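The structure under discussion appears below in the form of structure tokens.
All values reported here derive from a predicted model rather than from experimental measurement. One-based numbering along the sequence shown.
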Amino acid sequence: MKFIFLILFIFSSSLLFSQRDSLYHLSVDAALGYSKYMTTMTFEDLNKNGFSGTFRVMWHPEYLLSLGVESGYQYLYSIRSDVNSIQFGASELKASMISVPLLFVTSMCIFPISLPNFELQGGGGVFFLFNDGELYGSKIYSHVFSFGYHFGGTYLQPVSDKVSVGAQVKYYYISKLQDSDLSLQFLISYKFLSW
């Protein structure tokens, strides 16, 4: 909890004391990469490696703090395992879970002189969780939602006045699962509106 208060204090103080020398602008960011599901589940055939994608729209005012919304796709896990039951016989268990988050994002450049292209990000929101499974010829689909939060860091190198490319590392915590996900993504950002 102290960590959250520290982040809020840094962000609010940046609003009061730090300003950029640039215009207001809106940017759209798209990222693709690797996702690692971090869980306490102990299935032997659990695959915790997957694909992740992020889509984000950010408002960058004259201050160091930027605001936005983010969504995307996270492949959390999959299981393929043989199951033997005395009553029902042998079958193959197939199961997977994906997440589609809808998150509020705050972003801040905390070292505007020494690292102007590096930003820390954080926020919270809702994770929509979709389960898909099959066992003994029966298919199971379910979906639930969970609250959660995220934080991470982004490095963007400008390649033109409007386009930047880089990478980001993001940590997501999903409260209903009491598990988390770590993503490493390559990122492209486009300033589509300035004033």
Side-chain angles (χ1 to χ4, degrees), residues 1 3-4 7-8 11 26-60 65-81 83 92-108 119-154 156 166-190 192-193:
M1 197 65 165
F3 176 73
I4 293 172
I7 295 293
L8 289 175
F11 284 165
L26 292 172
S27 69
V28 60
D29 304 339
L32 297 172
Y34 168 75
S35 175
K36 176 74 171 181
Y37 186 55
M38 295 181 287
T39 181
T40 56
M41 288 194 298
T42 57
F43 286 101
E44 184 177 331
D45 299 315
L46 182 67
N47 177 17
K48 299 182 280 186
N49 303 303
F51 165 81
S52 66
T54 301
F55 181 79
R56 178 171 56 233
V57 177
M58 296 293 293
W59 173 54
H60 303 271
L65 182 68
S66 301
L67 306 173
V69 291
E70 176 180 303
S71 188
Y73 173 93
Q74 297 165 317
Y75 190 89
L76 297 179
Y77 69 82
S78 64
I79 301 170
R80 290 180 74 100
S81 181
V83 175
E92 183 180 33
L93 167 67
K94 298 177 189 174
S96 64
M97 179 182 284
I98 65 166
S99 167
V100 177
L102 182 58
L103 306 169
F104 171 72
V105 182
T106 58
S107 180
M108 186 175 72
E119 293 185 348
L120 290 180
Q121 297 176 344
V126 177
F127 293 80
F128 297 95
L129 304 170
F130 298 91
N131 299 288
D132 183 6
E134 183 178 347
L135 182 64
Y136 292 106
S138 297
K139 295 189 181 235
I140 301 167
Y141 300 100
S142 67
H143 60 277
V144 296
F145 76 92
S146 172
F147 295 104
Y149 63 86
H150 67 100
F151 62 86
T154 299
L156 282 170
Q168 68 180 4
V169 175
K170 302 259 316 213
Y171 173 86
Y172 300 89
Y173 179 77
I174 305 169
S175 63
K176 186 173 283 290
L177 302 176
Q178 295 184 350
D179 287 332
S180 52
D181 184 77
L182 185 66
S183 294
L184 174 61
Q185 300 174 327
F186 294 102
L187 178 71
I188 184 166
S189 179
Y190 177 68
F192 66 92
L193 182 62

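Listed by first and then second residue, the side-chain hydrogen bond (donor to acceptor under 3.5 Å, both in side chains) pairs that reach into residues 132-145 are Asn131-Ser142, sequence neighbours excluded.
Judged by distance alone, with hydrogens and angles left aside, the side-chain atoms of Ser175 form a donor-acceptor pair with the main-chain N or O of Phe147 at under 3.5 Å.
Between Val100 and Gly72, the closest heavy-atom pair is CG1-O, 3.4 Å. When all heavy atoms are compared, the tightest approach of Ser189 to Asp29 is OG-OD1, 2.6 Å. Between Thr40 and Asp179, the shortest heavy-atom contact is N-OD1, 3.7 Å. Between Ser183 and Tyr172, the shortest heavy-atom distance links the atoms OG-CE1, 3.9 Å.
Here the side chains of Phe127 and Ser99 are in contact, with some heavy-atom distance below 4.5 Å. Counting heavy atoms from C-beta outward, Leu177 and Ser146 have side chains that stay 4.5 Å or more apart. Annotation: side chain of Glu70 is in contact with side chain of Leu103 (closest heavy-atom distance under 4.5 Å). Under the 4.5 Å side-chain criterion, counting only non-hydrogen atoms from C-beta, Leu46 is in contact with Thr39. Looking only at side-chain heavy atoms (C-beta outward), Thr54 and Gln168 come within less than 4.5 Å of each other. Within the 4.5 Å cutoff, the side chain of Ile140 has no heavy atoms near those of the Leu135 side chain.
If you take CE on Met58 and OG1 on Thr154, they are separated by 8.5 Å, rounding to the nearest 0.5 Å. If you take OG on Ser27 and CZ on Arg56, they are separated by 8.0 Å, rounding to the nearest 0.5 Å. Rounded to the nearest 0.5 Å, atoms CZ (Phe145) and CG (Leu129) are 10.0 Å apart. Note that CG of Asp45 is 13.5 Å distant from NZ of Lys94, once rounded to the nearest 0.5 Å. Separation of atoms CD1 (Ile79) and NZ (Lys48) is listed at 11.0 Å; rounding is to 0.5 Å. To the nearest 0.5 Å, the span separating CG on Asp181 from CG on Leu76 amounts to 5.5 Å.
Atom NZ of Lys176 has 12 or fewer heavy atoms from other residues, nucleotides or ligands within 6.0 Å. More than 12 heavy atoms of other residues, nucleotides or ligands sit less than 6.0 Å from atom CZ of Phe192. Within 6.0 Å of CZ in Phe51 there are more than 12 heavy atoms belonging to other residues, nucleotides or ligands.
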* **Steps toward side-chain contact (heavy atoms from CB on, under 4.5 Å) verdict (His150, Val105)** => CA-CA 9 Å; His150 67 100; Val105 182; 3.9 Å; yes
Exercise for review: Could you please spell out the steps behind the side-chain contact (heavy atoms from CB on, under 4.5 Å) verdict for Lys170 and Gln74?
Suggested key: CA-CA 12 Å; Lys170 302 259 316 213; Gln74 297 165 317; over 6 Å; no
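For the side-chain hydrogen bond (donor to acceptor under 3.5 Å, both in side chains) test, residues two or more places apart in sequence or in another chain that qualify with Tyr34 are Asn49. By the side-chain contact (heavy atoms from CB on, under 4.5 Å) test, Tyr171 pairs with Met38, Tyr149, Phe151, Tyr173, Ser180, Leu182, sequence neighbours left out.
Ser52 and Gln185 share a donor-acceptor pair across their side chains, judged by distance under 3.5 Å alone. Using modelled atom types, one finds a donor on one side chain and an acceptor on the other under 3.5 Å when comparing Glu119 with Ser107.
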